[in-house]
Amino acid sequence: MNKTIATKPFDDQKPGTSGLRKKVPEFQQPHYVENFVQSIFDALEGFQGKTLVLGGDGRYYNREVVQTVLAMAAANGFGRVIVGQGGILSTPAASNVIRKYKAFGGIILSASHNPGGPHGDFGIKYNIENGGPAPEKITNAIYQRSKSISRYLIADIPAVDIDKVGKVDVAGMTVEVIDSVADYAELMESLFDFDAIRELFKSGFRMRFDAMHAVTGPYAKEILENRLGAPDHTARNYHPLPDFGGHHPDPNLVHAKHLYDAMMAPDAPDFGAASDGDGDRNLIIGRGIFITPSDSLAMLAANAHLAPGYKAGLKGIARSMPTSGAADHVAAKLGIGMYETPTGWKFFGNLLDAGMATICGEESAGTGSNHVREKDGLWAVLLWLNILAVRRESVKDIAREHWATYGRNYYTRHDYEEVEADRANKMVDELRAKLPSLAGTTVNGMKIEKADDFSYHDPVDGSQSDHQGIRILFEGGSRIVLRLSGTGTSGATVRLYVERYEPDPSKHDLDTQATLADLIVAADDIAGIHAHTGRSKPSVIT
Ligand code: G16
């Protein structure tokens with residue numbers, strides 16, 4: 001029986017860079033989840049009788065919310081919900097399932113790389129029928145609806161068994177529980193040369209993949225060890241845990257430091273990689289060398305033709321604005337389009353759908369292609385493996401050769417986390433006010449050529465997105481970018497991105513922080529980061 005429950009709006013259900021992310025106790029408030037899910041459904045049209053995909057990264061509260069969404073989907077008139085077994089689907093796997101089964105859309109339960117557990121973070125996001133994150137038009141409509149909602153619809157049903165693969169009827173709607181890994185593994189087999197990668201492992205190639213107790217564990221175990229023949233223990237921390245083992249499932253040099261240390265040791269494996277909470281991010285480290293996400297995008301784009309799925313070449317490359325310009329040099333050499341979008345994977349959707357871009361990437365450890373409409377951690381790892389299997393060179397040699405060909409974009413990101421929101425906003429407001437007077441001035445010995453607040457005009461649908469990050473461009477091509485994160489759940493996170501282009505191969509082995517030190521000082525001179533935030537140093541440097 002369907003029930004209509006009266007409710008009152010919450011005023012904080014505005015989706016951020018990637019869906020609604022909050023602390024678990026906030027989601028546990030009575031009606032909080034239901035209000036947001038109903039707001040999603042109310043913002044959509046024409047889904048009666050159609051299919052919804054549902055899954056999450058397995059974090060604390062995942063299973064409970066799966067049951068709530070099932071009961072609400074039934075009451076709202078969906079014909080079928082496809083759920084990952086145990087409520088598990090990595091974000092890229094969910095994107096694939098939406099596309100493969102021609103679903104109306106999908107709900108993904110994840111707060112990505114944010115910590116989990118009863119006091120950690122939870123999140124809900126909606127993906128559209130192309131498999132990608134809902135565009136701003138829809139997320140704005142969801143938010144508007146959440147501000148006026150007065151009722152939600154929910155079926156009065158017992159909990160559905162989501163651990164058994166198969167179909168059941170629930171209040172007139174079909175619930176189909178599917179193997180969480182199979183469709184995704186099949187897609188990867190269609191893109192990459194699994195025989196060549198198997199040969200690579202047979203030749204003694206050693207790899208370590210850290211799933212960080214998050215969603216990619218079962219995917220990595222199946223694909224790397226079972227299908228590609230990598231030795232046991234190649235996948236580490238592969239049991240997904242609701243609190244990620246108490247760790248922060250963010251594959252960066254701080255939270256995956258153990259992997260970094262192992263890769264810098266004299267007996268390091270040939271290749272190291274990690275993924276995040278929901279499996280869309282990646283970390284790539286070769287023996288003795290960390291590859292920045294911006295460089296990884298460029299190197300993957302330059303070598304993608306070595307994998308069967310991309311042998312016809314790339315249509316174009318897209319990167320978010322704060323991502324380094326390394327990929328731009330590759331696009332120029334290949335003579336293909338290069339697109340610069342705001343932060344957020346949702347901005348790549350139109351370019352991918354229109355066939356303008358084939359590969360996309362972000363400095364925030366996201367890389368992906370037109371195979372799905374999300375960034376894809378394991379996909380990036382497998383493309384690297386395919387390239388290594390064909391070239392039979394070390395990651396370090398591939399990187400060196402890449403920089404010698406295209407030049408090196410030295411790049412770093414400094415994060416100041418949990419800054420008081422008022423202080424962070426004041427800093428950005430003051431900086432914005434200064435922008436028109438910066439061009440032509442000299443800071444720390446460097447001349448500013450241009451300073452602006454990035455705006456994006458989508459070439460496909462003509463939509464406009466303003467205030468997407470402050471850019472200060474110096475003579476010679478160096479730049480600093482400053483923006484506030486849209487994914488944090490406590491206070492504000494200030495992100496400072498710093499980049500310098502170095503064409504001279506004799507200068508490609510320098511220390512990144514030292515090479516960028518003068519720009520880092522300039523950023524503080526211009527924005528007053530330390531004075532405004534009250535911090536003497538960043539919380540995380542990547
Ligand atoms: C999300 C988005 C990415 C974005 C990242 C960082 O990633 O999908 O497109 O680059 O957040 O965003 P911000 O700098 O605003 O924190 P994820 O992996 O958290 O879903």
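For ligands, and for the atoms within them, numbers begin at 1 and follow the listed sequence.
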What atoms in ligand 1 come closer than 4.0 Å to a heavy atom of [X]?
| X | answer |
| --- | --- |
| G486 | 13 (P), 15 (O), 16 (O) |
| K375 | 1 (C), 2 (C), 3 (C), 7 (O), 8 (O), 17 (P), 18 (O), 20 (O) |
| S18 | 1 (C), 8 (O), 20 (O) |
| S364 | 4 (C), 5 (C), 10 (O) |
| R495 | 13 (P), 14 (O), 16 (O) |
| G344 | 9 (O) |
| W345 | 9 (O) |
| H113 | 18 (O), 19 (O) |

Crowding at [atom1], [X] (>12 non-hydrogen neighbours, <6.0 Å):
| X | atom1 | answer |
| --- | --- | --- |
| E129 | CD | no |
| K315 | NZ | no |
| H119 | NE2 | no |

Checklist entry - Any heavy atom of S320 sitting closer than 4.0 Å to ligand 1? => result no

Notebook entry, point to check: What do you reckon, does R413 put a non-hydrogen atom under 4.0 Å from ligand 1?
Noted result: no

Taking every non-hydrogen atom, the tightest pair across [X] and [Y]:
| X | Y | result |
| --- | --- | --- |
| V395 | G286 | CB-CA, 3.6 Å |
| F474 | R479 | CD1-CA, 4.1 Å |
| S275 | R281 | OG-O, 2.7 Å |

Heavy-atom nearest neighbour in the protein, as seen from [atom], with distance rounded to 0.1 Å:
| atom | answer |
| --- | --- |
| atom 20 (O) of ligand 1 | R21 NH2, 2.8 Å |
| atom 11 (O) of ligand 1 | T487 CG2, 3.3 Å |
| atom 3 (C) of ligand 1 | E362 OE1, 3.2 Å |

Reference residue E499; test side-chain contact (heavy atoms from CB on, under 4.5 Å); the match among P322, S294, S324 |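 Going through the options one by one, the only one that passes is S324.
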
Practice prompt. Hey, can you tell me if F41 and F47 have their rings parallel, tilted or perpendicular (30° and 60° cut-offs)?
Written response: tilted

On the 0 to 90° scale, with breaks at 30° and 60°, tag the F122-Y61 ring pair as parallel, tilted or perpendicular. perpendicular

Does Y32 form a ring-ring contact (aromatic ring centres under 6.0 Å, His included) with F10? I'd like the steps, not just the answer.
CA-CA 7 Å; Y32 195 88; F10 291 88; 4.7 Å; yes

Within the 4.0 Å heavy-atom cut-off, what T91 brings close to ligand 1 is neither

Do ligand 1 and [X] have nitrogen or oxygen atoms that lie under 3.5 Å from each other?
| X | value |
| --- | --- |
| D278 | no |
| L484 | no |
| T343 | no |
| S112 | yes |

(request) Answer yes or no: is there a side-chain heavy-atom contact under 4.5 Å between Q38 and M72? (result) yes

Tested for side chain to side chain donor-acceptor pair (under 3.5 Å) against D121, the lone hit among R21, K23, K22, H113 is K23

**Request:** Only heavy atoms count here, so choose which of R281, K346, R483 is nearest to atom 6 (C) of ligand 1.
**Result:**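 Residue with the shortest heavy-atom distance to the ligand atom: R281.
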
